[in-house]
Protein chains: 2
Amino acid sequence: MSWKYALGQYIKSPEKFPNDVTLDTPDFVVIKDAFPKSHIHYLVLPKAVKPDTHPLKAFEDDNLYEKTRAMVEKVEKMVAVEFIRTKGYSKDVKIQSGIHSVPSMNHVHVHVMTTDLSSPRLKNRTHFNSFRTGFFVPFRTIPDLKVPSLDAWMVSQEKLIKGDIVVDGENFGNKFAKAKRRLDEDFHKATIHGIPEEVEDDDYRVMEMIS
Amino acid sequence: MSWKYALGQYIKSPEKFPNDVTLDTPDFVVIKDAFPKSHIHYLVLPKAVKPDTHPLKAFEDDNLYEKTRAMVEKVEKMVAVEFIRTKGYSKDVKIQSGIHSVPSMNHVHVHVMTTDLSSPRLKNRTHFNSFRTGFFVPFRTIPDLKVPSLDAWMVSQEKLIKGDIVVDGENFGNKFAKAKRRLDEDFHKATIHGIPEEVEDDDYRVMEMIS
DNA sequence: GAATCATAAC
DNA sequence: GAATCATAAC
Ligand SMILES: Nc1ncnc2c1ncn2[C@@H]1O[C@H](COP(=O)(O)O)[C@@H](O)[C@H]1O
Ligand SMILES: Nc1ncnc2c1ncn2[C@@H]1O[C@H](COP(=O)(O)O)[C@@H](O)[C@H]1O
């Protein structure tokens, strides 16, 4: 099995990876991304898809899309809870779920992750742009996407990876290290490192969102 | 001022870097290493040395060596205290102080650091070997070093940088990423993440060492 | 996708 | 020294 098929091992033998597999149902396996690009980063893997299918192709199947949507939703709620539990309280837990326009790994997978991009594994511009540009396709936008030619679309989408690094509104050009510092600072500031007593009433909207 | 002389700024204008300068005396400035290779990593900079002097040349001056020794000792004690304060209790705080055989940066500087090499800034084999092979010259061994030809010695020492990565007794060859994982795990395990009540009597030897 | 190595330019 | 970019080999 070449590296391109590495995600297949979790589908084939989830029991072999108890530390990586978070959820194992008849139709899905949910794993921790082995190289998480944010503080929390999961992959949702539908089991019944041919390994080399492009996600947009796979999700033309309304039934698969709908089942995956339900699982993604479930994992999003887990992420919110886990974030609050492990990272201390935060005013708002921001989560993004979606696919890469041109996945490197086979086996259809949906990224479900916090949006911080504050992680030791975020090492280059490609990593950043793959999650913060149009190269990242939010899961909910998939049904309305109009992609006449998948191949042409992929070629076009791939250019987004090479573009300038933009954090918030600020353009960092090719200064990845500087942008990374910013992302790490932003995460640190956004996370409340105080005692629970300091939490204000209006900070509970996340708990409501996930309830 | 080219990058090679960047450490000179702390000597020239310590007041401009309050976040970096830990100690400023008539003869020394002590700074936090800007790219720390261990959890705690300081540089001791004697002020009265010409910028492009090799440390072994500078420390032939017994008076300078002795004054630096006293300052290094002082910083080592600070490091021990800081480690216990910030990283949680640990059974033994291991500290290494010394110079690189072939420094890249000018302005004589002595590294005073914990030995963990567990740091996001440790990024390659060169970093590792520069602190874990004979390329790193412990400060206390300097007076007894016999180096007839500094140039020849440096050429020879430089080869150590290219060697296999060895952690504890284990040879990691060129597998830096794997070695780094080990270093991070080791640090995590060595550091006690429990409550003070779990500390045993014989764990206080560090405090005695520094008292 | 990750990781090692080499190479400019600062 | 740090950082960006390109390149094999997996
Ligand atoms: N062996 C692996 N196990 C788990 N996750 C992986 C593995 N190899 C790569 N990944 C992750 O899989 C994702 C593949 O990205 P992409 O194909 O661009 O959607 C990335 O987020 C990787 O960090
Ligand atoms: N601008 C800087 N400020 C503080 N420390 C630095 C700076 N640039 C490099 N360093 C550190 O200086 C040390 C120089 O290493 P060396 O010359 O090999 O002894 C390394 O540990 C670097 O991380």
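Chain letters run A, B, ... following the sequence lines, proteins first, then strands; residues in each count from 1.
Between A:Phe135 and A:His100, the angle of the ring planes lies from 30° to 60°, which puts this pair in the tilted group. Ring orientation note: the planes of A:Phe83 and A:Phe187 are nearly perpendicular, at an angle over 60° on the 30°/60° scale. Note: B:Phe131 and B:His111 have perpendicular aromatic rings, judged against thresholds of 30 and 60 degrees for the angle between ring planes.
Look at B:His109 and you won't find any side-chain N or O under 4.0 angstrom from OP1 or OP2 of D:dG1.
Set against D:dT4, D:dC5, C:dA3, the side chain of B:Arg181 has C:dA3 as its closest nucleotide. Side chain of A:Met105, nearest nucleotide from C:dA3, C:dG1, C:dT4: C:dG1. When each of D:dG1, C:dT4, C:dG1 is scored by its nearest atom to the side-chain atoms of A:Ser104, the top-ranked nucleotide is C:dG1. Nearest nucleotide to the A:Asn174 side chain, out of C:dA3, D:dC5, D:dA3: D:dC5. In this structure, of D:dG1, C:dT4, D:dT4, it is D:dG1 that holds the atom nearest to the side chain of B:Thr126.
Put simply, NZ on B:Lys37 is 7 Å from P on D:dG1, counting in whole angstrom units. Rounded to a whole Å, the NZ atom of B:Lys123 is 17 Å from the P atom of C:dC5.
Under the stacking criterion of a centre-to-centre distance below 5.5 angstrom and an interplanar angle below 30°, A:Trp3 is not stacked against the six-membered ring of C:dA2.
A donor-acceptor pair is defined here as one N or O able to donate and one able to accept, closer than 3.5 Å; no such pair exists between the side chain of A:Thr114 and the backbone of A:Ile95.
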